[in-house]
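Heads up, the thing below is written out as structure tokens.
Every chain is numbered from 1 and lettered A, B, ... according to where its sequence line falls, protein lines coming before strand lines. In this text, all values refer to a predicted model and were calculated from it rather than measured experimentally.
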Number of protein chains: 2
Amino acid sequence: MHDMTGRDGAGGGLRERKKRATRAALTEAAVRLAAEHGADHVTVEAISAAAGVSVRTFFNYFDSRDDAFVVIDADANVRVRQALLDAPAALTPLEALREALAAELSEAERQHELWSLHAEVLRAAPHLLVRTLGAHMADEAGLAEVIAQRIGSGPPGSPAAAPPGAETGAGADADAGEGHGATGLYPRLLAAVAGTAVRVSVQHWCDRQDELAFADVFREVFALLAAGLPAPTR
Amino acid sequence: MHDMTGRDGAGGGLRERKKRATRAALTEAAVRLAAEHGADHVTVEAISAAAGVSVRTFFNYFDSRDDAFVVIDADANVRVRQALLDAPAALTPLEALREALAAELSEAERQHELWSLHAEVLRAAPHLLVRTLGAHMADEAGLAEVIAQRIGSGPPGSPAAAPPGAETGAGADADAGEGHGATGLYPRLLAAVAGTAVRVSVQHWCDRQDELAFADVFREVFALLAAGLPAPTR
DNA sequence: GTGCAAAGATGCATTGTCTGCAAAATCCTC
DNA sequence: GAGGATTTTGCAGACAATGCATCTTTGCAC
């Protein structure tokens, strides 16, 4: 049993694993301390001590103190990209994205406690919430690339590739490959909108957590997007 | 001629005007210095000196040094909200939003030089770009409220309110007023997506500034959204 | 396993960021 | 223009962040 590069992205040698562990320890310590004492009131010294490293080492992993509170799982976007590449070719880009994100989100349920604490911290510190939101957008560029790749290598008229009901086009002269808005408008927009969809779903669900199932909110958001954000009927 | 609260939000007494002026002076000084010397390498002391106030005063206006680089025009979102309230009732929510944002964006052309410098600064400092993106999202809550208000007070079956071709519904059981996803899913999503649309438009236009007119990119983005982000034809 | 090179961790010194607090200056109301 | 409210400012002090030199650990070859 060689262990190999199993799940959880535990690839590489001892060095990489240790780095991963240290980073995880630091973020976890940061979030737990912040949840208990409030995000400010938590010094870098305290975080470092809790994670068992020196203060100087903390700054080898994060550019600033706040960065320790911002991103919980640095590899999540990598997994989403992979999931998107592995998605069945029959799905539309929007559908494929929806599925990839849904898979990752249900994966996040495993670390439910830490995510809850994180949410709590961000609720109490709007300042950090803003930074978190911004950080998530930084991943978009990579996601857009994968989308472009998926579209580019997609079968022009393959058998199962044409989902029923999608007349292709629908009014906008959308161009993906080499049209006039060519390199990247559509992939970029799709990546950005998908990120937005996740964020809005989470926000809305957090507000009324008792009443709604997350999956339902998530599906409704994507349904609204696919329908072109029609004016609601009352 | 009492002057009143004229354009540019120049309302209130001497105090408010001075505060506005000081804040503007600080952000402008910050951006200009950053464009010249690089964002880091610009100390709070330098910014304060350039704006003619003390260091301590700087921190009365901004919570952190970086905040001075993040938001150039703090009133922009207020103007957008007003424009949305003033928009003709015949427009769909998405259309009304498009028009309101387009108006504000062309307004920003007046300060073109400062915006260019700002863009330059952000390009050189990804760190600040992330914060800027996050900050813009903080405005969404207010925008969503106005959208909800607009929808809520909209005429159920007014004469010109029904745009041809929009069958209302299109598959998703979208509810705005009091359905199951009631208070706020749709307005929130719309506000968020609109912000995303602006951002993507700007990004894409910046990349290929020579070839494309911004207005065209902007229109295409909204067309794609209204069409439900259809899979592009090649 | 011994040795070597690369990468990481640590301590220290230094500079800059940011927060109370109290005094002085400025603006608004009457 | 007197009184009250708000803003600006300086100062002291705690904390954040970076560069540099050093020491430890890991990866790799023999």
Looking across every strand, which nucleic acid part, if any, lies under 4.0 Å from A/R15 by heavy atom: base, sugar-phosphate, or nothing? base
Rounding to 10 degrees, work out the angle separating the end axes of the helix from C/dG1-D/dC30 to C/dC30-D/dG1 (five pairs an end). 40°
Rounded to whole angstrom units, what separation is found between the CZ atom of B/R65 and the P atom of C/dT19? 14 Å
Under a 4.0 Å heavy-atom criterion, DNA chain D is touched by chain B from D/dA5 to D/dC11
Please tell me if the side chains of B/V44 and B/F59 come closer than 4.5 Å, counting only heavy atoms from C-beta onward. yes
Do any of residues 47-62 of chain B sit with a heavy atom less than 4.0 Å from DNA chain D, and if so which? B/V53, B/S54, B/R56, B/T57, B/N60, B/Y61
For residues 98-142 of chain A, the ring-ring contact (aromatic ring centres under 6.0 Å, His included) pairs (sequence neighbours left out) are none
d(A/R150 CZ, A/L190 CG) to nearest 0.5 Å is 10.0 Å
Taking B/W205 for the side chain and B/A213 for the main chain, is one N or O donor matched with an acceptor at less than 3.5 Å? no
I'd like to know if A/E113 pairs up with A/R32 as an ion pair, taking the criterion as any Lys NZ or Arg NE/NH1/NH2 lying under 4.0 Å from an Asp or Glu carboxylate oxygen. yes
Under 3.5 Å, side chain of B/Y186 to main-chain N/O of A/L229, donor-acceptor pair present? yes
Please report, rounded to the nearest Å, how far the C1' atom of C/dT10 is from the CD atom of A/E45. 14 Å
Can you see if the side chain of B/K18 gets near the phosphate of C/dT26 - specifically, an N or O under 4.0 Å from OP1 or OP2? no
Going by heavy atoms in the side chains, are A/I72 and A/T27 under 4.5 Å from each other? no
Specify the closest pair of heavy atoms between A/V130 and B/R131, including all atoms of both residues, with the distance to one decimal. CG1-O, 4.3 Å
Pairing residues for A/V146 by the side-chain contact (heavy atoms from CB on, under 4.5 Å) criterion, not counting sequence neighbours: A/R81, A/L84, A/L85
Sub-4.5 Å side-chain heavy-atom contact between B/E16 and B/R20: yes
Which residues in residues 26-33 of chain B have at least one heavy atom lying under 4.0 Å from any atom of DNA chain D? none
So, does B/R23 use its side chain to make a donor-acceptor pair with the main chain of B/F62 at under 3.5 Å? no
Is there a side-chain contact between A/L189 and B/L224 in this structure, where contact means two heavy atoms from C-beta onward sitting under 4.5 Å apart? yes
Side-chain donor-acceptor pair present, B/Q203, B/D207, cut-off under 3.5 Å: no
